[in-house]
Amino acid sequence: FVGGFNNNISLGSNLYYDGQYKHSNTLAPAFYGSGSGSHKWYTNAAGTADAAFTPTERMRITSAGNVGIGIGFPDGYANLTVSGTSSLPILGLRSSSGKARLAFYESGTGRFYIDSLNGSDGLAFVDGNGSSERMRIDSSGNVGIGTTSPVAALNIGNNGNIRIDGNASGGGIYASSNGSNNTFSLTRQDGVNVGDLSISGYSGVGITGGRSNSPATSGYSFYVKSN
């Protein structure tokens, strides 16, 4: 089937047009059409020869260069818009060998990647160099930040520090561990150990008062000694 009218062009198979689209045989019809600066692709289910049908648009490239799959008017959404139903994934990435990767670029420079785990369920979030993993969700649902082997719902590796900023200077919380004296501290986010809570691996639990360094077993305003 080849057609053209009103500056439009159509090219297809297993159909004809006589004022309405009709099956030319029992095979599934498909055709391409262009007009008004857009390119469109249509399909329909197989049917009875000479039976009329309404073609379903599957993909479109608009005059603005935007691509829509499963949506007729992608302009205003994104350069590529994919629409589907909840019964199937809207977008799938498949690797024929090894991990699948979704890449983010800025002017040709790789900035970030999301990888599958090459043999197990989960995702890895990788820095722009393509190899430095920053976060992982494993097959158990555990999240690892700074570690590729999380052993808890949230496992923070490397320096193990957590910071929560407040709305004023020194108003947040900074949680850190000190490997040299086995002390875990909660301090102001500016790092000043004033009124902090320190749990020391030496022999007790303390609430400090006015200390400016990591406490051990003395100098507490309040101190509970273990047996």
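Hydrogens, waters and symmetry mates are skipped; everything else that's a heavy atom, side chains included, is used.
- Side-chain atoms of Thr85 and Ser87 include a donor-acceptor pair closer than 3.5 Å.
- Note: Tyr32 and Trp41 have tilted aromatic rings, judged against thresholds of 30 and 60 degrees for the angle between ring planes.
- In this structure, Tyr21 has its ring center at least 6.0 angstrom away from the ring center of Tyr42.
- Taking 4.0 Å as the cut-off between side-chain N and carboxylate O, Glu57 and Lys40 do not count as a salt-bridged pair.
- Here CG of Asn118 is found 11.0 Å from CZ of Arg101. Values are rounded to the nearest 0.5 Å.
- We find the CG-OG1 distance between Leu117 and Thr148 to be 10.0 Å, quoted to the nearest 0.5 Å.
- Looking only at atom types and distance, the side chain of Thr62 has a donor-acceptor partner in the side chain of Asp75 under 3.5 Å away.
- The minimum heavy-atom distance linking Ala28 with Asn44 is given by the pair CB-O, 3.5 Å.
- For the residue pair Thr43 and Arg58, a side-chain donor N or O sits within less than 3.5 Å of a side-chain acceptor on the partner.
- Residue Phe73 places its CZ atom among 12 or fewer non-hydrogen atoms of other residues, nucleotides or ligands, all under 6.0 Å distant.
- Between the CG atom of Asp115 and the CZ atom of Arg136 there is a distance of 9.5 Å, given to the nearest 0.5 Å.
- Formation of a donor-acceptor pair under 3.5 Å by the Ser132 side chain with backbone atoms of Asp127 is not found in this model.
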